[in-house]
Amino acid sequence: MSEPCTPPILRQNARPIPMSTERKTLDQRAQMSDIERLRHSCAHIMATAILRLWPDAQFAYGPPIENGFYYDFQMQHRITPDDFEKIEAEMKKISKENQKFEWKGISREEAKAMAESGRLGGLSERPGNPSIFKLDLIDKIPEGEQISCFQNGDFIDLCAGPHVGYSGKCKHVKLTSVSASFYMGDETKASLQRVYGTAFESKEELEAHFVRLEEAKKRDHRKLGKELKLFHIDEDVGQGLILWTPNGAILRQELQNFISEELRKQGYSQVFTPHIGKLALYKTSGHFPYYKDSQFAAIVENDDLAKVIHEGCGCGEVMARLGGISAKLRQQLNDRAGKEVVSEENVLPDDQLLDGFMLKPMNCPHHIKIFDSQPRSYRELPVRLAEFGTVYRWEQSGELNGLTRVRGFTQDDAHLFCTEDQVAAEVLGCLSLVKIVLNTLGMTDYRVRVGLRDPDSSKFTGNPEQWDKAEDACRAAAATLGVPFTEEPGEAAFYGPKIDFVIKDVIGREWQLGTVQVDYVLPVRFDLSYIGSDNKSHRPVMIHRAPFGSMERFCGVLIEHFAGHFPTWLAPEQVRILTISEKVDTFADEIFAQLKAAGLRVTLNQDADKIGAKIRNAQLDKVPYMLVLGEKEAAAGGVSVRHAKRGDLGVRSIAEFLADVTAEVRERKM
RNA sequence: GCUGUUGUAGCUCAGUGGUAGAGCACGUCCUUGGUAAGGACGAGGUCGAGGGUUCAAAUCCCUCCAACAGCUCCA
């Protein structure tokens, strides 16, 4: 199969943005903000300090980044965090020396000579130790462009700047981490050491930065997940495989109920499909073998496996047989596409093909088969098939992260099959669902990205008229949403435009959730059709949508968004009754029974602890409502209400409390 | 996957060559206390796994496993 027919639709999150290969012009680079300028200078000062300590260091590049700066370099000594103190002390000295940053324009020949001698990116000439990376970087500078360098103290670096005037400005600096990187981000090139640091103009800002980091750490969903017993990841089960514990299951279930309710309102039909499907299904869809590397290996049935082993097949042979495609399927796919999408080299004779199953990496093929299980009339379109569908993908181990990057996850998935004229309305429907859900959760800070085709690129298939229509639909839908959106040409999937949701959490971090994608390709590959009003067969358009990406990821973001303080309707434990003494046990039992009968998730703490300890525990467990019951309440027949965030709310009647809380839950108040 | 760091009780961590510790949580008992920690006693660990060095390894070395950070923001 030569052409990837369907990209990994609705991947959990975006791949890292590939490094742009375009060079910035000198003018563009000069447009650094003040803080970037400061941090860039800090990178030079760090390089100076490292050279004083380890003169053999070869520097590559050291830019300012979002929260600080780094410099990549190569040397004998391996930096560890233990070295930071030493380097920082040296940097402090350099700052005190108040070295002037001086710009110098030099010729290509001068630059090369300085690099050859080891002077560029060094404190002095270093015979026998030429500045290899700088030499390479000089070669990358286009002919005719001004080559410039900056000098502070003895350190001269190839650098377009800009810089602060004097090193004295760089006082409030802290090194944060060390890691490895590849030269030019290319893993075939040299492996470098990278030291990260951050810098601010004042001590207060530097400290505030670390306070923010602490805040982020406190609300880390992995930490809260453990503390609040929401989920567990077990080595024996496997990396990236989530075990939802009872508390987390409640959170997820409530969220699913909410989304399902909205889907029903919008005319979706719920379906269920199995977790595996035959290989041929994914050969038809195009997911196999193109995404083989990011999928779990095929599952081969015992008898088939015994047979090929009996025939003496080695591993490579088995893989080849699994990956082959029948001549008939190839013919079908090529005919449907009207061009060669599967080349002949992938074909194996039928008696050599080895069939197997795959853990599904996406739900679309299954939903397509449901759509195609009966003749469809234009009268029943759009068909909207929704499923909280669990899929499995082989993410690299280093990519795994808590709930936000996992190997098995459940998408809030749906596939819409509609006529071309319906695309606009359906895309709009998808967006409004997202809006409702995010607003209900108080996540009002989000933006959408509309991925359009690049008209100059040939990678986008299909006819231009369809594209224009679909793009207009996406653009118009995004515009009516009333949230900021950006149009990004070239960012479309090759088979159709898409809309991505990026939400910003309370502390300003952005999270990419799901996408809505218009697809003209899969209906062709699966030869889908419906009968139009003209009594002729037509090709439906498919829309893939998983607006929240996956339940795992979304719950992870929610945990951090709320810092574990969920609104009552989502809270695993909504009310905890705290007794002051044994004297009110009977009264507490009665209240407990009443709340339970009202459908609240309530627990009763009759431990021998003092009330202060019980309150503390309930606060730590982030239970929204605490009912303090003592003799006073028993006598009055009321309850003392304490809210985890609002504190003591005083004595209320049980009826009043019940009415308020059940309404709060029913209306999903924040 | 690559680079680095880390892995000791359910949790947070101390312990750097001489056969394992604290706090919290847990269990039992005492205490019946009014809005963020009452007290006593007790139980709990083949120190991530495997191998090696050593008279002796949680500690040093190697391999593996896992977690965390980075590997993208371009002299």
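Letters A, B, ... are given to chains in the order of the sequence lines, protein chains preceding strands, and every chain is numbered from 1.
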| query | Which is true for A:Gly612 with a 4.0 Å heavy-atom rule: it touches a base, it touches only sugar-phosphate, or it touches nothing? | reply | sugar-phosphate

| said: Work out how far the C1' atom of B:rA56 is from that of B:rG17, and round it to whole angstrom. | reply: 8 Å

| Interatomic distance at P, B:rU54 relative to B:rU59, whole Å | 16 Å

| task | Verify the contact: side-chain N or O of A:Lys226 to OP1 or OP2 of B:rG10, cut-off strictly under 4.0 Å; return yes or no. | result | no

| said: Please give the distance between the C1' atoms of B:rG15 and B:rA22 as a whole number of Å. | reply: 11 Å

| request: Between B:rC74, B:rA66, B:rA36, spot the one nearest the side chain of A:Arg616, thanks. | output: B:rA36

| For B:rU16, which nucleotide is its Watson-Crick or G-U wobble mate, given both distances must be under 3.5 Å? | none

| message | Partner lookup for B:rU72, please. Criteria are Watson-Crick or G-U wobble with both distances under 3.5 angstrom; report none if nothing qualifies. | response | none

| task | Using a 4.0 Å heavy-atom cut-off across all strands, classify A:Phe69 as base, sugar-phosphate, or nothing. | result | nothing

| task | Please determine, for B:rG42, whether a Watson-Crick or G-U wobble partner exists with both distances under 3.5 Å, and give it or none. | result | B:rC26

| Which nucleotide in the set B:rA37, B:rG34, B:rA36 lies at the smallest distance from any side-chain heavy atom of A:Val628? | B:rG34

| A:Arg576 and its side-chain hydrogen bond (donor to acceptor under 3.5 Å, both in side chains) partner, picked from A:Asp621, A:Asn605, A:Asn617 | A:Asp621

| request: Using Watson-Crick or G-U wobble geometry with both distances below 3.5 Å, tell me the partner of B:rU32, or none. | output: none

| Where the side chain of A:Glu633 is concerned, which of B:rG34, B:rA36, B:rG38 is the nearest nucleotide? | B:rG34

| Roughly, in whole Å, what's the span from NZ in A:Lys610 to C1' in B:rG34? | 10 Å

| said: Under a plain distance cut-off of 3.5 Å, with no hydrogens placed, do A:Lys632 and A:Ser640 share a side-chain donor-acceptor pair? | reply: no

| request: Remember a base hit wins even if backbone is also touched, and classify A:Glu235 as base, sugar-phosphate or nothing at under 4.0 Å, heavy atoms. | output: sugar-phosphate

| request: To the nearest Å, give me how far apart CG (A:Asp234) and P (B:rA67) are. | output: 11 Å

| field | Identified side chain to side chain contact (heavy atoms under 4.5 Å, CB included) partner of A:Leu595 from the options A:Val661, A:Leu627, A:Val639 | value | A:Leu627

| query | Contact class for A:Glu227 vs. all strands (heavy atom < 4.0 Å): base, sugar-phosphate, or nothing? | reply | nothing

| Do A:Arg219's NZ or CZ and the ring of A:Phe562 fall within the cation-pi criteria of under 6.0 Å and 45°? | no

Any N/O pairs under 3.5 Å between the protein and nucleotides 22-32 of chain B? List them or say none.
residue, atom, partner, partner atom, Å
B:rU32, O2, A:Glu582, N, 2.8
B:rU32, N3, A:Glu582, OE2, 3.3
B:rU32, O4, A:Glu582, OE2, 2.2

| said: Looking only at the side chain of A:Tyr71 (C-beta and beyond, no hydrogens), which of the listed nucleotides B:rA37, B:rA75, B:rU35 gets closest? | reply: B:rA75

| Separation of A:Phe73 atom CZ from B:rG4 atom C1', in whole Å? | 12 Å

| Who pairs with B:rU54 - Watson-Crick or G-U, where each distance is under 3.5 Å | none

| What interatomic distance, in whole Å, is found between P of B:rG51 and the corresponding atom of B:rA57? | 13 Å

| query | Touch check for A:Tyr196, heavy atoms < 4.0 angstrom, all strands: base, sugar-phosphate only, or nothing? | reply | sugar-phosphate

| said: For the C1' atoms, the ones on B:rC68 and on B:rA25, what distance do you get once it is rounded to whole angstrom? | reply: 24 Å

| request: Round to a whole Å and report the spacing from CD1 of A:Ile233 to P of B:rC11. | output: 14 Å

| request: If B:rA9 has a Watson-Crick or G-U wobble mate with both distances under 3.5 Å, name it; if not, just say none. | output: none

| field | Nearest-Å distance once atom C1' is located in both B:rU8 and B:rU3 | value | 26 Å

| Flag side-chain contact, heavy atom, 4.5 Å: A:Lys226 against A:Arg222 | no

| request: Have a look at A:Thr579 and say if it touches a base, only the backbone sugar-phosphate, or nothing, with a 4.0 Å heavy-atom cut-off. | output: nothing

| request: Give a yes or no on whether the ring-centroid distance for A:Phe59 and A:Tyr71 is below 6.0 angstrom. | output: yes

| Of A:Lys614 and A:Pro64, whose nearest nucleotide on RNA chain B comes first from the 5' end? | A:Lys614

| field | Under-4.0 Å side-chain N/O to phosphate OP1/OP2 contact, A:Arg222 with B:rA67 | value | no

| field | Pairwise ring-ring contact (aromatic ring centres under 6.0 Å, His included) hits with a residue in residues 620-647 of chain A, at least two apart | value | A:Tyr625-A:His643, A:Tyr625-A:Phe657

| said: Under 4.0 Å between a side-chain nitrogen and a carboxylate oxygen: does that hold for A:Asp154 and A:Arg52? | reply: no

| task | Using the C1' atom on both, measure B:rC11 against B:rA67 and round to a whole Å. | result | 16 Å

| message | Side chain of A:Arg194 only, heavy atoms from C-beta on: which candidate in B:rA37, B:rC71, B:rC74 is closest? | response | B:rC71

| query | Which value, in whole Å, describes the distance between the C1' atoms of nucleotides B:rA36 and B:rG18? | reply | 45 Å

| query | Roughly how far apart are A:Ile611 CD1 and A:Met626 CE, rounded to 0.5 Å? | reply | 10.0 Å

| query | Looking at B:rC11, B:rG34, B:rC71, which one has an atom nearest to any side-chain atom of A:Lys632? | reply | B:rG34

| Starting at the 5' end of RNA chain B, which residue's closest nucleotide do you reach first, A:Tyr70 or A:Ile615? | A:Ile615

| request: Sort out for me which residue in A:Ile94, A:Asp157, A:Ile156 forms a side chain to side chain contact (heavy atoms under 4.5 Å, CB included) with A:His44. | output: A:Asp157

